[in-house]
Novice: 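Got a structure here, written out as structure tokens. Questions coming.
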Amino acid sequence: MDVAVVLFTSDLRLRDQPALHAALRAADAVVPLFVRDPAVDRAGFAAPNRLAFLADALADLDGALRERGGHLVLREGDVVEEVCAVVSRTGAGEVHLSGGVSGFARHREERLRRELERLRCRLRVHDGVVTVVPPGAVVPDQRDHFAVFTPYFRRWRESARRDPLPAPRRVRVPDGVGGAALPQRRRLSGVSPGVPAGGEREGRRRMAAWLRSGVDAYAERHDDLAGDATSRLSPYLHFGCLSAAELARKAREHGGAGAEAFERQLAWRDFHHQVLAARPDAAWSDYRARGDRWRRAGRDADAWRAGRTGYPVVDAAMRQLAHEGWMHNRGRLLVGSFLTKTLYTDWRVGAEHFLGLLVDGDLANNQLNWQWVAGTGTDTRPNRVLNPAAQGRRYDPDGGYVRRWVPELDGVPVRALHEPWRLEPATLRERGYPEPIVELDAGRDRFLAARGR
């Protein structure tokens, strides 16, 4: 009996799963394998919120496989050692894996290929499983990646797309392959109370609801903080519970200005994946160094993390992150600009804090969005500074977002809500809300002076 192994990573689904599809075509039986690697913990990426979502996703994947006659095999340990142990146990001739772009993913692939060759087993890597367009599929002349989004988007929009694949009807798993018990969310500690349920089933439910009743208004409402009019599908894309290629196809078929604006956001996600694929060191090093001498720590950064800066829209966004493990995209821009430019604090401080809480925190999009807002990434206007009071008035004009997350300011008139320092200091003290930790003009001037402006 021919056996193949499918190593699941950031592709925890059955629908439009090219690695699984290819394995089922190549072999009589398949081992659907997920390895819980302690190297992920040591690298600091095993955040409680993502572990909770992962537990849901693995349980959902196992349930879907059991409906088709199979089951998920969970192993714990070094990923290469565990894959090789399964290959040796089953005599598998192929291991199928979805391609990744991080340095960790590339090192994993190199080690797997080397060790599997010794077992006379072939490694097959499938690109374009995590993204719509595979990194490197569209490149400018004589370069290995696009450094500016607009020309990338033009090529991305015109690129050839594969057809999404159906879920398999049956998955046969060979006998005798042991594994560990699946993790359970309820056994985890430190999980934010608002973390959503994970898994393909939940992701597809949310995708259908979004396409049915949310996407049409996306172009005009995506920056509305209180309206919460974004898809919230990013965690399901990060874990691969949803296929980015299928979602892009459905958005294009839906049509309209909202779907087009949403598809552009999927391209933005792909854009950062192709940057990191070409420049893996950009995960922690400046993509475009500006000679910054960043501040690294201190009371200002602590106040930022705690949502106690004295700038209500910044504090609201940081508190949303702590409660939900997610933050509105406009909020991410605001808090990023405030930390890196108004407080002149290293973008890596912000990126690390986000990775500790975000359910959708993947290396490509988290790190490179932080670099973009810090002016060390691909932004063509690297020295722009967002004013949180002005942004609050524009994107939360009625104050609904601030009132939800900063209850200390409930009842404050709208005219003062985004500038509470205009209230009497005694009023702020009575409400328990802090005065601003920095003057906006002073912070802006410090940043621009550091950049030689």
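What's counted below: heavy atoms across the whole structure, side chains too, no hydrogens, waters or symmetry copies.
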Novice: So, are E67 and R201 salt-bridged, with charged N and O less than 4.0 Å apart?
Specialist: yes
Novice: Quick one: pull up CG in L116 and CZ in R114 and give me the separation to the nearest 0.5 Å.
Specialist: 10.5 Å
Novice: Does the R288 side chain pair with the main chain of G377, one donor and one acceptor, at a distance under 3.5 Å?
Specialist: yes
Novice: Looking at every heavy atom in both L242 and L233, which two are closest together, and how far apart are they?
Specialist: CD1-CD2, 3.9 Å
Novice: Q367 versus L355: any side-chain heavy-atom pair under 4.5 Å?
Specialist: yes
Novice: Does the D62 side chain pair with the main chain of L182, one donor and one acceptor, at a distance under 3.5 Å?
Specialist: no
Novice: For a side-chain contact (heavy atoms from CB on, under 4.5 Å) check, start with the C-alpha distance between L225 and W405, then their side-chain angles and the critical distance, and finish with the verdict.
Specialist: CA-CA 11 Å; L225 286 164; W405 296 109; over 6 Å; no
Novice: Is it true that a side-chain atom of R232 and a backbone atom of P196 form a donor plus acceptor pair closer than 3.5 Å?
Specialist: no
Novice: With side-chain contact (heavy atoms from CB on, under 4.5 Å) as the criterion, how do Y401 and Y395 come out once you've worked through the C-alpha distance, each side chain's angles and the decisive distance to 0.1 Å?
Specialist: CA-CA 9 Å; Y401 184 69; Y395 298 113; over 6 Å; no
Novice: Kindly write out the residues that satisfy salt bridge (charged side-chain N to carboxylate O under 4.0 Å, His left out) with R404, not counting sequence neighbours, or none if the list is empty.
Specialist: E324
Novice: Looking at T309, V314, D315, V335, which one forms a side chain to side chain contact (heavy atoms under 4.5 Å, CB included) with P388?
Specialist: V314
Novice: Find out whether V215 and K250 are in side-chain contact, i.e. whether some heavy atom of one side chain is under 4.5 Å from a heavy atom of the other.
Specialist: no
Novice: Restricting to non-hydrogen atoms, name the atom on H272 and the atom on A364 that form the minimum distance, rounded to 0.1 Å.
Specialist: CB-O, 3.8 Å
Novice: Would you mind reporting whether W326 and V359 have side-chain heavy atoms less than 4.5 Å apart?
Specialist: no
Novice: Under 3.5 Å, is there a donor-acceptor pair between the side chain of H323 and the main chain of Q320?
Specialist: no
Novice: Spell out, as yes or no, whether a donor-acceptor pair under 3.5 Å connects the side chain of D11 to the backbone of T9.
Specialist: yes
Novice: With under 30° as parallel and over 60° as perpendicular, where do the rings of Y287 and H145 fit, or are they tilted in between?
Specialist: perpendicular
Novice: Could you tell me which non-hydrogen atom of A245 sits nearest to which non-hydrogen atom of D16, and how far apart they are?
Specialist: CB-OD2, 3.9 Å
Novice: Between D346 and R348, is there a salt bridge with N-O shorter than 4.0 Å?
Specialist: yes
Novice: Looking at every heavy atom in both P280 and G103, which two are closest together, and how far apart are they?
Specialist: CB-N, 4.4 Å
Novice: Are E246 and R204 close enough for a salt bridge, meaning some N to O gap below 4.0 Å?
Specialist: yes
Novice: Side-chain contact test, heavy atoms from C-beta onward, threshold under 4.5 Å: evaluate it for Q265 versus S231 and give yes or no.
Specialist: no
Novice: To the nearest 0.5 Å, how far apart are CG in L276 and CG in N365?
Specialist: 9.5 Å
Novice: Do the side chain of D60 and the main chain of E200 share a donor and acceptor less than 3.5 angstrom apart?
Specialist: yes
Novice: Quick check on side chain to side chain donor-acceptor pair (under 3.5 Å): which of D379, T378, T376 does Q371 satisfy it with?
Specialist: T376
Novice: Are W304 and F338 an aromatic pair by the rule of ring centers under 6.0 Å?
Specialist: no
Novice: Please check: side-chain N/O of R13 versus main-chain N/O of G240, any donor-acceptor pairing under 3.5 Å?
Specialist: yes
Novice: Does CZ belonging to R169 count more than 12 external heavy atoms closer than 6.0 Å?
Specialist: no
Novice: For residues L20 and H96, determine if any side-chain heavy atom of one lies less than 4.5 Å from a side-chain heavy atom of the other.
Specialist: no
Novice: Donor-acceptor pair, distance only, cut-off 3.5 Å: does the side chain of D270 make one with the backbone of V132?
Specialist: yes
Novice: More than 12 foreign heavy atoms under 6.0 Å from CZ of R394: is that the case here?
Specialist: no
Novice: Can you tell whether the side chains of D41 and R36 come within less than 4.0 Å, N to carboxylate O?
Specialist: yes
Novice: Test ring-ring contact (aromatic ring centres under 6.0 Å, His included) on F153 and F146; report intermediate values, then the result.
Specialist: CA-CA 10 Å; F153 180 55; F146 278 94; over 10 Å; no
Novice: What distance separates L112 CG from E117 CD, expressed to the nearest 0.5 Å?
Specialist: 11.0 Å
Novice: Please determine whether a side-chain nitrogen of the Lys or Arg among R113 and E110 lies less than 4.0 Å from a carboxylate oxygen of the Asp or Glu.
Specialist: no
Novice: Is there a side chain to side chain donor-acceptor pair (under 3.5 Å) between H254 and D216 once you walk through the steps?
Specialist: CA-CA 9 Å; H254 185 93; D216 288 331; 2.7 Å; yes
Novice: For D144, enumerate each residue passing the side-chain hydrogen bond (donor to acceptor under 3.5 Å, both in side chains) test, keeping only those at least two apart in sequence or located in another chain.
Specialist: R279
Novice: Can you give me the closest heavy-atom contact between E115 and C84, atom names plus distance?
Specialist: CB-SG, 3.7 Å
Novice: Let me see the working for W156 and F271 under ring-ring contact (aromatic ring centres under 6.0 Å, His included), right down to the final yes or no.
Specialist: CA-CA 9 Å; W156 182 93; F271 173 69; over 10 Å; no
Novice: Write down the atom of T131, the atom of A244, and the distance for their closest heavy-atom approach.
Specialist: C-CB, 3.9 Å
Novice: If you count heavy atoms of other groups shown closer than 6.0 angstrom to CD of E352, is the number above 12?
Specialist: no
Novice: When you compare the side chain of F262 with that of W210, does any pair of heavy atoms fall below 4.5 Å?
Specialist: yes
Novice: Between R68 and L14, does a side-chain contact (heavy atoms from CB on, under 4.5 Å) hold up when you go through it step by step?
Specialist: CA-CA 10 Å; R68 293 161 173 82; L14 295 188; 3.6 Å; yes
Novice: Hey, is the main chain of G307 close enough, under 3.5 Å, to the side chain of R319 for a donor-acceptor pair?
Specialist: yes
Novice: Sequence neighbours left out, what pairs pass side-chain hydrogen bond (donor to acceptor under 3.5 Å, both in side chains) with at least one residue falling in residues 42-52?
Specialist: N49-S192
Novice: Would you call R106-E109 a salt bridge at under 4.0 Å N-O?
Specialist: no
Novice: So, D163 and R249, do they make that salt bridge, N to O below 4.0 Å?
Specialist: yes
Novice: I'd like to know whether D362 forms a side-chain contact (heavy atoms from CB on, under 4.5 Å) with H273, so could you lay out the CA-CA distance, the side-chain angles of the two residues, the decisive distance to 0.1 Å, and finally the verdict.
Specialist: CA-CA 10 Å; D362 78 43; H273 277 259; 4.0 Å; yes
Novice: Please examine the side chains of D360 and L237, heavy atoms only from C-beta on, and report whether any two atoms are closer than 4.5 Å.
Specialist: no
Novice: Can any side-chain N or O of K341 pair as donor or acceptor with the backbone N or O of V373 at less than 3.5 Å?
Specialist: yes
Novice: Can you confirm whether more than 12 heavy atoms, excluding those of R185, are under 6.0 Å from its CZ atom?
Specialist: yes
Novice: Taking CZ in R296 as the centre, count heavy atoms belonging to other residues, nucleotides or ligands within less than 6.0 Å. Is the count above 12?
Specialist: yes
